[in-house]
2 protein chains.
Amino acid sequence: MINIIKDDGEMADHLRQEIRTRLIEKDYHCAKEYTLSILSGKWKVVILWHLGVEGPHRFSDLQKLFPKISHKMLTSQLRELTEDGIVHREVYPDVPPKVEYSMTTVGMSILPIVEMMYTWGSKRIEQLKQETQ
Amino acid sequence: MINIIKDDGEMADHLRQEIRTRLIEKDYHCAKEYTLSILSGKWKVVILWHLGVEGPHRFSDLQKLFPKISHKMLTSQLRELTEDGIVHREVYPDVPPKVEYSMTTVGMSILPIVEMMYTWGSKRIEQLKQETQ
DNA sequence: CAGTATCCTTATGGATACTG
DNA sequence: CAGTATCCATAAGGATACTG
């Protein structure tokens, strides 16, 4: 189901929300923009990589993986990925709370793009190194 | 050659510049981030699509293609793509000035990723339509 | 543990005017 | 035509304190 809830909170990713709105209103130029709006975000592709390749992670696991990410950023990136149906959020009725994030089927289907980004980026960085030698 | 010129101008894409700096200092977690930093930008993938599929375009051609883009945005997106070696900027000694933008070889090599983004996005949008029926 | 809420600084991006 | 430069409104994102 298209999640029409528009987050008017302070942390709204404005561009992403705009494209979500345009999607619902069938007013978008191009499907590429939708994909980009899902992947754009300082930490999203690395989060997806870890969830896709290594399996489910808890909130605190991800914090340990990315020591430089702020609490607020990690929260918002995960919420947006969940809203877009890429990531599943499982809350266990434990005390203290336990929340696990994992890839959905839709999420796994976007992983090849992330992998291509990795391959292309690696090659390009190698190329740049050669040229500066 | 890695372009080390750091644009301290007002329109600097901060995240992109940060990753460029980290790249030069060999301080990056992952090559995926570099690729994403190149493609991230409200209009970049659509610009790349048109240049890659339809061939070279003049500045004013692109303005006609995207009536909603501001002059300043188009300028900055093209400058960033040029800095990253994705797009070539050819200035003709004409009066009035003529400037033509085209894909570099490196740019063409990133096009498959843009195409995958298009394919994935189209399928996902179709899927979402089905689910809301 | 896994979040929200608030405050505040920095970055983004539109509108407009000017230039070779 | 193809840009720069400046001003200004809005959005993103860090730090900190609080909560179930």
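Chain naming here is simple, since letters A, B, ... match the order of the sequence lines and numbering starts at 1 in each. Because the structure is a prediction, the values reported are computed rather than measured.
In the set C/dG3, D/dC1, D/dT6, the nucleotide with an atom closest to the side chain of A/V99 is C/dG3. Comparing C/dT4, C/dA15, C/dT6 by their closest approach to the side chain of B/K72 singles out C/dA15. The listed nucleotides are C/dT6, C/dG14, C/dA11; the one nearest the side chain of B/S70 is C/dG14. The listed nucleotides are C/dT4, C/dG14, C/dT12; the one nearest the side chain of A/R79 is C/dT4. With distances taken from any side-chain atom of A/T75 to the nucleotides C/dT4, D/dC7, D/dG14, the minimum falls on C/dT4.
One can place CH2 of A/W43 at 11 Å from P of D/dG13, the figure rounded to the nearest angstrom. If you take CE of A/M73 and C1' of C/dT4, they are 17 Å apart, rounded to a whole angstrom. When the P atom of C/dT19 is taken as reference, atom NE2 of B/H71 falls 15 Å away, rounded to whole Å. D/dG14 atom C1' lies 18 Å from atom CZ of A/F66, rounded to whole Å. Put simply, CD on B/Q63 is 9 Å from P on D/dC1, counting in whole angstrom units. The distance from atom CG of B/L74 to atom C1' of C/dG13 is 14 Å, rounded to the nearest whole Å. As a whole-Å value, the separation of A/Q17 CD from D/dT10 C1' is 15 Å. We find that CD of A/E90 is positioned 17 Å from C1' of C/dG3, with the value rounded to whole Å.
Residue B/S60 places at least one side-chain N or O closer than 4.0 Å to OP1 or OP2 of D/dA2. When the side-chain nitrogen and oxygen atoms of A/Y101 are compared with OP1 and OP2 of C/dG3, one or more of them lie within a distance under 4.0 Å. In terms of phosphate contacts, B/R58 brings no side-chain nitrogen or oxygen within less than 4.0 Å of OP1 or OP2 of D/dC1.
Ion pairing between B/R16 and B/E83 holds under the 4.0 Å rule for side-chain N and carboxylate O. Looking at A/K44 and A/E80, a side-chain N of the basic residue comes within less than 4.0 Å of a carboxylate O on the acidic one, giving a salt bridge. Using a 4.0 Å cut-off between a side-chain N of Lys or Arg and a carboxylate O of Asp or Glu, B/K98 and B/E90 do not qualify as a salt bridge. Ion pairing between a basic and an acidic side chain is recognised when a charged N comes within 4.0 Å of a carboxylate O; B/E126 and B/K123 show no such pairing.
The residue among A/P97 and B/K98 whose nearest nucleotide of DNA chain D lies closer to the 5′ end is B/K98.
Checking C/dG20 for Watson-Crick or G-U wobble geometry (two distances, each under 3.5 Å) identifies D/dC1 as its partner.
Just one residue in the list B/F59, B/W49, B/W43 forms a ring pair (Phe, Tyr, Trp, His ring centres under 6.0 Å) with B/F66, and that residue is B/W43.
Using a 4.0 Å heavy-atom distance criterion, B/R89 is classed as a sugar-phosphate-only contact.
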